[in-house]
Amino acid sequence: MLFPVTDNFWPVGEGEEAYLLEALAKGIGGDSDIVRRYEQRLKTHFGARHAIAASSGYGALVVALSAFGLRPGDKVLLTPTCPLCTVYALTFMRLEPVFCDIRPNDFTLDLKMAERLIDSKTRAIIDIPMWGYPVAAQEVAEFARDRGLYYLLDMALAHRAMLNGELLWTYADMATFSTHHSKSLVTGEGGAVLTNNTRLAERAREFTRCEYRADRPPVLNFALGGLQAALGLARLGRLEDDVRHRLATMRAISERLTNPCLEPLPLIAGGEPAGTRLLVRTRSGNNASLLAHQARAGIPSDIALYDCKALYQYPVMREWTAPCPNAERMLAAITTVPVHPDIHADEVQTIVDVLNNFQPENAEETLP
């Protein structure tokens, strides 16, 4: 089947070949000059005091959590709407994930529920701005700080999300990024940690600039290779233009969405999305027919592709089951729509037509 719209986007950066050839000539290890230059560019681009390149978004999470000094048995609060890989970083480190519900209309951690879940073993909170939609990070950061907890933002899907005119990541003690080939900034595999805290940055570097010596404890190496760093250097320069295109596409689809059964997911006050995906919500709260309609029309959706639901509803996460009705309702109501820079006027019109032509198949999916 030929899909009229795809989720595939393969950016090419200016001078990409030259960067790669330079890396091959001068060194491609995790401690090479090209990696250090990439980290410097990340610092400048995102306004960070420190940037630590990592082998993946998953690796970046392990690096950040290790920099916090978390130990097996420590508890970390996070939302069950996040990707499995976020939780896998915790279980890999033998930390205990504690699922906390989201607010009714966005992906921000529900602070009232969080208050009830915190105990003497709780050490950190992770917020995850899913599909690039900003969370109320200022509120959560203040909540965490008042309780002596670390605050981490997993920005894998939200590179350029904003809140109150500031980059969202800046509200966290540390923020982790992914540059996997499905993300907005693409190095194939890769990730990064950003922080303004020098002490945390020094700790994080122990896991990407590690020395294997008999007189030191064993460490893990999550360094980014030089070839990926070369791609990052070349492609970082186009990120701002790509995000502008993504946001313009989101607006174009949202403004032409006239189907009374659907609505764009609202943004939090002061928030600007990263343009990763457009989220559309069924007013009935049931997305089953919409996902089927979208699939028949050849418009991909992450909700269908990954069978998205609250993570504790998967067998592998069942031991951490928690009552999170807002999370369950959110994932049962929304779909994602691609908005990447290879989507232009014809594809936008196709998406608009598909969404506006949607009609629920079942009585329980009609307007409440």
Side-chain angles (χ1 to χ4, degrees), residues 5 7 78-84 86 99-110 127-136 154 156-158 161 182 184 246-247 249-268 271-314 324-340 343 348 351-352 354-362 364-368:
V5 179
D7 248 347
L78 75 167
T79 56
T81 48
C82 71
L84 273 169
T86 306
F99 287 125
C100 180
D101 208 357
I102 60 173
R103 304 194 310 190
N105 291 306
D106 61 73
F107 294 100
T108 307
L109 195 88
D110 180 345
D127 245 347
I128 306 95
M130 289 302 297
W131 295 288
Y133 278 64
V135 295
D154 180 354
L157 292 167
S182 62
S184 298
R246 289 171 176 273
L247 295 178
T249 301
M250 288 179 68
R251 287 192 295 270
I253 297 171
S254 298
E255 289 168 0
R256 292 148 68 181
L257 185 62
T258 59
N259 191 326
C261 297
L262 306 174
E263 64 176 351
L265 189 72
L267 289 167
I268 64 171
E272 182 177 299
T276 308
R277 301 285 191 281
L278 171 65
L279 296 184
V280 175
R281 181 166 60 180
T282 58
R283 294 183 187 274
S284 69
N286 190 328
N287 61 10
S289 291
L290 176 60
L291 296 179
H293 171 77
Q294 203 170 323
R296 288 192 297 269
I299 311 296
S301 170
D302 282 359
I303 305 298
L305 177 63
Y306 298 109
D307 186 26
C308 292
K309 51 192 172 187
L311 290 189
Y312 53 78
Q313 294 179 313
Y314 295 108
C324 297
N326 291 334
E328 293 181 23
R329 280 193 291 267
M330 175 72 83
L331 294 175
I334 61 172
T335 188
T336 70
V337 175
V339 293
H340 57 74
I343 292 175
V348 167
I351 292 169
V352 169
V354 168
L355 294 176
N356 283 338
N357 290 333
F358 165 68
Q359 294 182 350
E361 297 174 357
N362 304 312
E364 63 267 23
E365 295 181 45
T366 57
L367 291 175

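Worth knowing before you read on, the calculation uses all heavy atoms, side chains too, and leaves out hydrogens, waters and symmetry mates.
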Does Asn326 use its side chain to pair, donor to acceptor, with the backbone of Asp101 at less than 3.5 Å?
no
Between Asn259 and Cys261, which heavy-atom pair has the shortest distance, and what is it?
OD1-N, 2.9 Å
Within the structure provided, determine whether Arg256 and Val348 are in side-chain contact (heavy-atom separation under 4.5 Å).
yes
Heavy atoms only: give me the nearest Ile268-Pro134 pair and the separation to one decimal.
CD1-O, 3.6 Å
Does the His293 side chain pair with the main chain of Val354, one donor and one acceptor, at a distance under 3.5 Å?
yes
Determine yes or no for a side-chain-to-main-chain donor-acceptor pair under 3.5 angstrom, with Gln294 supplying the side chain and Phe358 the backbone.
no
Could you check whether any side-chain N or O of Arg329 sits under 3.5 Å from a backbone N or O of Gly285, counting only pairs where one atom can act as donor and the other as acceptor?
no
For residues Val135 and Leu109, determine if any side-chain heavy atom of one lies less than 4.5 Å from a side-chain heavy atom of the other.
no
Working to the nearest 0.5 angstrom, can you tell me the gap between Asp127 CG and Asp154 CG?
10.0 Å
To check you understand the geometry: which heavy-atom pair defines the closest contact between Pro273 and Met250, and what is its length?
CG-CE, 3.9 Å
Do Thr108 and Asp106 have a side chain donor and acceptor closer than 3.5 Å?
yes
CA sep, side-chain torsions, deciding dist, call: Phe107, Leu265, side chain to side chain contact (heavy atoms under 4.5 Å, CB included):
CA-CA 11 Å; Phe107 294 100; Leu265 189 72; 4.1 Å; yes
Supply the atom-to-atom distance Asp7 CG to Leu305 CG, rounded to the nearest 0.5 angstrom.
8.0 Å
For the side chain to side chain contact (heavy atoms under 4.5 Å, CB included) test, which of Leu157, Asp302, Thr335 pairs with Arg277?
Asp302
Side chains of Phe99 and Thr79: closer than 4.5 Å at any heavy-atom pair?
no
Side chain to side chain contact (heavy atoms under 4.5 Å, CB included) assessment of Tyr314 paired with Leu311
CA-CA 6 Å; Tyr314 295 108; Leu311 290 189; 3.6 Å; yes
How far does CD1 of Ile102 sit from SG of Cys82, to the nearest 0.5 angstrom?
11.0 Å
Quick one: does Asn287's side chain have a donor or acceptor within less than 3.5 Å of a partner on Leu331's backbone?
yes
Does any part of the side chain of Ile303, heavy atoms only, come nearer than 4.5 Å to the side chain of Trp131, both counted from C-beta?
yes
Check whether any side-chain heavy atom of Ile128 lies under 4.5 Å from a side-chain heavy atom of Pro83, and answer yes or no.
yes
Test item: Pro338 and Ile299 side chains (from C-beta on) under 4.5 Å apart, heavy atoms
yes
Within this structure, what is the OG1-CD1 distance for the pair Thr249 and Ile343, rounded to the nearest 0.5 Å?
6.5 Å
Quick check: do Thr336 and Leu279 have side-chain heavy atoms less than 4.5 Å from each other?
yes
If you look at every heavy atom in Tyr312 and Cys324, which pair is closest and at what distance?
OH-N, 3.2 Å
For the backbone of Glu361 and the side chain of Ser289, can you confirm whether one donor and one acceptor N or O come within less than 3.5 Å of each other?
yes
What's the verdict on side chain to side chain contact (heavy atoms under 4.5 Å, CB included) for Asn105 and Arg281, showing C-alpha distance, side-chain angles and the deciding distance?
CA-CA 10 Å; Asn105 291 306; Arg281 181 166 60 180; 2.9 Å; yes
What is the minimum heavy-atom distance between Glu272 and Leu247, and which atoms define it?
OE2-CD1, 3.4 Å
Minimal heavy-atom distance between Pro104 and Met330, with the atoms involved, is O-CE, 4.0 Å
Evaluate the side chain to side chain contact (heavy atoms under 4.5 Å, CB included) criterion for residues Leu257 and Val352: first the C-alpha distance (whole Å), next the side-chain angles of each, then the deciding distance (0.1 Å), finally the verdict.
CA-CA 6 Å; Leu257 185 62; Val352 169; over 6 Å; no
Lys309 and Pro80, any side-chain heavy atoms less than 4.5 Å apart:
no
When rounded to the nearest 0.5 angstrom, what distance separates CG in Leu355 from CG in Leu278?
8.0 Å
